[in-house]
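This report refers to the structure that appears directly beneath it.
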Amino acid sequence: MFKPYAFVLPALALLGLFSFGSMALSLWVSLHQWDPLMPEHRYTGMAHYERAVRDPLVRTALLNTLYYAALAVPLVAASSLALALLVGKVRRGQGILKTLFFLPSITPMVVIALIWVWMLRQDGPVNQTPRIVLGCLPQALKDFLGCSHFSGPNWLMDSRTAMPAIVLTGAWHAVGYYMVIFLAGLGDIPREFYEAARIDGANAWQELRFVTLPLLRNTVVFVLVTLVIGALQVFTQVYVMTGGGPEQSTEVLASVIFKKGFAHFGKMGYASAIAWLFFLFLLCLVLVQMRLMRSRRLYD
Amino acid sequence: MDRNDRSTTGNGPTDPLRAGPCGRALRRACPGLLLAFLVLLALTMLFPFLWMAVNSFKTEEDFHTRPFALWPETWTLSTYEQAVTIGRVGIYLWNSFAYAVTVTLAQLFVDSLAAYAFARMSFRGRDALFGLVLATMLLPASVQLIPLFLIVKWMGLVNTFAGVVLPSFAGAFGIFMLRQFFLNLPRDLEDAARIDGCGPFGIYWRVALPMARPALVTLGLFLFLSEWGSFIWPLVILSDTSRYPVTVGIALFRNESFIYWNNVFAASVLASLPLIGLFFVAQKHLMGGISLSGLKG
């Protein structure tokens, strides 16, 4: 009779300890002074939370995190959908295209971040490309456009461009993965809908607007929810590429939690309070998002 | 008449995904143009990889004078040699491999065991427990980082192999995916095994697991890739550089003296090659699995 429990016990014990246990512990830690040099942990009540709400660094990090998500989510969703629509039209050679676009997403983020540190240097390939294009144009056209010289920003060293640069790196990593998900969603749409649309004389745009997109709704919901959760937790690129700078312009919530908890050792209580506020914020956002875009049964 | 029919069925837009905004005259050339455009786009996207690979073969001097040249003055393998000897990338790669294999095998076992029970057995609280398992997917990793560190510290596993891998021995996504797979399997074989006197564990081990092989392979690939790429947890839990996985090793590489960027690129190539190789061997399973994960939305 207790056999089933023996089957689920290892998984439940591990998840219970490392997932629920850690969340509970995090809550407890956030209510205490947590200094590894001091053996006892003084109860501080809500002090850490009150401090976190007023901390300008936390506010900056929250705004930067939202900024990252606001740029990255639409960028990745739109470009991976566009790619999927185009790649889906190709019959011969689709496999190789999928493979090529997918490659960045299996490469470790650390490696990708390191490559892009160099790609984004002032004299790097990202800035070189427009320079080369400009070099090919005839002088008359350059004078007409009023731009004979292009220097380009020093992406990661400038507080205005550092975050967009990190978004670009993240997008490059993610696009292929979401393209594959969109392709799967596209493949599930029954063909009759397209045949009906064609008989009604729909053009390509109408077909996309009134057939593809509405029927792709569940996939879009899944992609958006996953992207938002992932974007709000961005960390690796920031750690490797900018370390939160310049002038805190890329400091995000995950990097603040990491720094407070581990770099300035002994502030684990405060870091946990920030983490819990972040968790509650994320939870509300996800619940609202799921409610707004609840998945529906679209066809049988 | 007969010819006409054949031509309309032959060239007609039978595949809706394929029919584009091309005119009738262009219809033949259009797929080729589209393909060419997409291949060009893909190559542009892969340019950073190419550039990394080229730089990993440049000598230090060459790299410093012309870091953005796409052709090394002289091809050298000394960058790789230095990455392995000074940078100790060989140890890091071995560590990554050991962590990834351990997590993959352990999690496949733990997840499939639980998934089988959730799919095939009935017991009190089953649905509630499964709900709890799924709920863990909502808990963000960055929030769990500090308490996870404290728990592992209390277990005395800081800076150990076990400390790196143990928290990843069970995963909600794997349990969810395998349960889904078991639910869609026919029960006949399992019933036959039961009649032959096979116990629950025997049925799971000898009948259900072999049938679930495709799902296990796909999940295993996912687990291997994600553990190989994991960064923040080993960074936090390890202090001994000889235990670093390759991700942490490379990221902290730059701080070491005698290590130059061309060595970093060589190490990056070494860190990506196993994954790219694995990907080419098993891409069908991988892509199929991603499609599966997208469907649950």
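Model, not experiment: these values are computed from the prediction. In what follows, chains carry the letters A, B, and so on, assigned in the order in which the sequence lines appear, proteins first and then strands, with residues in each chain numbered from 1.
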Assess the pair [X] and [Y]: is the distance between their ring centroids shorter than 6.0 Å?
{"X": "A/W172", "Y": "B/F47", "answer": "no"}
{"X": "B/F201", "Y": "B/Y204", "answer": "yes"}
{"X": "B/F169", "Y": "B/F109", "answer": "no"}
{"X": "B/W51", "Y": "B/F265", "answer": "yes"}

Checking heavy atoms, do the side chain of [X], its backbone, both or neither come under 4.5 Å from chain A?
{"X": "B/V236", "answer": "side chain"}
{"X": "B/F231", "answer": "side chain"}
{"X": "B/M52", "answer": "side chain"}
{"X": "B/L278", "answer": "neither"}
{"X": "B/I175", "answer": "side chain"}
{"X": "B/A141", "answer": "both"}

### Message
Quick check against the 3.5 Å criterion: does A/T169 have a side-chain atom that pairs as donor or acceptor with the backbone of A/A113?
### Response
no
Tell me, for [X] versus chain B, whether the close heavy atoms (under 4.5 Å) come from the side chain, the backbone, both or neither.
{"X": "A/L232", "result": "neither"}
{"X": "A/V8", "result": "both"}
{"X": "A/F279", "result": "both"}
{"X": "A/V223", "result": "neither"}
{"X": "A/L27", "result": "neither"}
{"X": "A/L12", "result": "side chain"}
{"X": "A/R121", "result": "side chain"}

For each of [options], tally heavy-atom pairs with chain A at distances under 4.5 Å, and name the one with the top tally.
{"options": "B/P167, B/S268, B/A267", "value": "B/P167"}
{"options": "B/L139, B/V269, B/L225", "value": "B/L139"}
{"options": "B/S112, B/A135, B/S142, B/A115", "value": "B/S142"}
{"options": "B/L145, B/I232, B/L138, B/V248", "value": "B/I232"}
{"options": "B/V39, B/V246, B/D111, B/L35", "value": "B/L35"}
{"options": "B/A117, B/G229, B/A170", "value": "B/A170"}

### Message
Any heavy-atom pair between the side chains of A/V220 and A/F182 that's under 4.5 Å?
### Response
yes
### Message
Do A/L97 and A/L83 have side chains that approach each other closer than 4.5 Å (heavy atoms only, starting at C-beta)?
### Response
no
### Query
To the nearest 0.5 Å, how far apart are CG in B/L235 and CZ in A/F262?
9.0 Å
### Query
Quick one: CD1 on A/I274 to NZ on A/K259, what's the gap to the nearest 0.5 Å?
12.0 Å
### Message
Please check if the number of heavy atoms outside A/W205 that lie under 6.0 Å from its CH2 is greater than 12.
### Response
no
### Shortest non-hydrogen contact from B/A271 toward B/W228
O-NE1, 3.1 Å
#### Entry: Closest contact, heavy atoms only, A/V111 versus B/S272
CG1-OG, 3.7 Å
Among [options], which residue has the highest count of heavy-atom pairs closer than 4.5 Å to chain B?
{"options": "A/K98, A/Q94, A/M23", "answer": "A/M23"}
{"options": "A/L282, A/I257, A/L103", "answer": "A/L103"}
{"options": "A/I106, A/T107, A/I112", "answer": "A/I106"}
{"options": "A/G95, A/A271, A/P104", "answer": "A/P104"}

### Message
Tell me whether B/R179 forms a cation-pi arrangement with B/Y116, defined as NZ or CZ under 6.0 Å from the six-membered ring centre and within 45 degrees of its axis.
### Response
no
### Message
For A/Y194 and A/T212, which I'm curious about, is there any donor-acceptor pair between the side chains at under 3.5 Å?
### Response
yes
